[in-house]
Amino acid sequence: MGTSSGPPSVGVLLPTREQAINGSFAAAPLLDFARQAEQLGFDSLWAGDSLIARPRLDPLVVLSAAGAVTSRVTLGTAALTPALRHPLTGAHQAASLDHVTGSRLVLGLGSGFPMPETEEEFAAVGASFAGRASRLDEIVSLWRQAWHAKETGAETDFTGRYWQATGLDRLPAPHRAGGPPLWLAGSDTPRVLERVARHYDGWMPFLPSSDDYARAWRRIGELATAAGRPAGAITPALYATITVDEDAAAARAELEHYIGHYYGRTLEQMAAVQCYAWGSAEECADALAAYVEAGARHLIIRIGSLDGEPQLKQIADVVLPRLKEMSR
């Protein structure tokens with residue numbers, strides 16, 4: 001599937017989890033970060049989601065506030081776990097946030113990272129961890145039906161394998177016709193690629209290899225064409241973690257410290273499944289540029305530091321221009 005012309009979009013993750021690790025939950029610094037990121041030229045702001053596995057402030061609430069203090073940037077979840085909320089509640093919240101942000105919303109969705117902490121989190125809210133991928137797909141179907149339910153002749157009742165709902169036309173319609181784009185946060189397994197090609201508006205992996213990314217994106221294109229999806233229907237994104245420091249050893253040490261506190265695992269363990277880069281801003285830009293060459297059109301940068309704001313301007317000054325000049 002061909003990528004769009006023009007420079008790739010580049011966004012940055014709001015440090016909600018980093019706040020929690022540091023023992024501080026405060027809105028004001030997050031909103032300052034949001035304003036600064038928009039002023040520095042970033043295209044989007046993102047927030048992660050977790051209740052008790054990797055706790056942080058609720059992303060939908062944070063993005064609502066960020067939407068009030070910004071005017072241009074896209075606002076997104078990277079990634080939201082819909083299973084932690086009742087599907088009708090989730091449909092209602094997403095439609096409401098779409099209004100608050102003036103159709104600037106994109107929802108990256110995850111079915112739940114396969115870790116014991118995530119399984120405990122699902123159990124805490126009474127959600128089934130087994131079959132979570134197919135459950136996510138059904139929630140997406142329910143949401144989309146709800147967001148179209150006020151249209152003439154639309155079906156207002158939903159009957160699925162896991163969920164049933166009636167009177168969907170009573171829920172508020174989103175600001176954007178049909179609702180915000182829904183991206184799947186997933187890897188490059190055959191099942192994930194098939195789901196993206198058939199059901200989602202974007203693909204948000206964190207693959208550790210740009211070559212694997214290129215192969216998977218080509219496969220999504222083949223599958224999407226076979227499914228009758230129009231060209232450009234799916235946005236190829238990337239979730240990447242970078243730590244910027246001219247001293248590569250210092251950058252790696254800071255990233256190791258960050259990963260240990262974030263996941264309770266080593267950088268070596270996490271780098272086997274996630275995209276990481278560290279070192280000078282130029283080196284980090286080169287690492288990300290390989291993914292743009294592989295097809296990525298919206299990069300979501302997580303700053304790998306428990307105090308990432310000092311790196312924000314350096315990323316904007318060096319990494320952003322390097323990636324923006326890579327127009328196809």
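- When only modelled atom types and interatomic distance are considered, Ser103 and His175 share a side-chain donor-acceptor pair under 3.5 Å.
- Side chains of His257 and Glu254: no donor on one and acceptor on the other come within 3.5 Å.
- Under the 4.0 Å criterion applied to side-chain N and carboxylate O atoms, Arg195 and Asp137 are assigned as salt-bridge partners.
- Between Asp317 and Lys313 a salt bridge is recorded (basic side-chain N to carboxylate O distance below 4.0 Å).
- Comment: Arg85 engages Asp58 in a salt bridge, judged by a side-chain N to carboxylate O separation of less than 4.0 angstrom.
- The closest side-chain donor-acceptor pair between Ser210 and Glu293, if any, does not fall under 3.5 angstrom.
- Using a 4.5 Å heavy-atom cutoff, the side chains of Leu107 and Pro181 are not in contact.
- Between Arg132 and Glu121, no side-chain nitrogen of the basic residue sits less than 4.0 Å from a carboxylate oxygen of the acidic one, so the salt-bridge criterion is not met.
- The side-chain heavy atoms of Trp183 and Asp201, taken from C-beta on, include a pair separated by under 4.5 Å.
- Relative orientation of the Trp46 and His298 rings is perpendicular, given thresholds of 30° and 60° on the angle between their planes.
- Note on Arg219 versus Glu222: salt bridge recorded, some NZ/NE/NH1/NH2 to OD/OE distance being below 4.0 Å.
- The minimum heavy-atom distance between Arg56 and Thr16, with the atom names listed, is CD-OG1, 3.5 Å.
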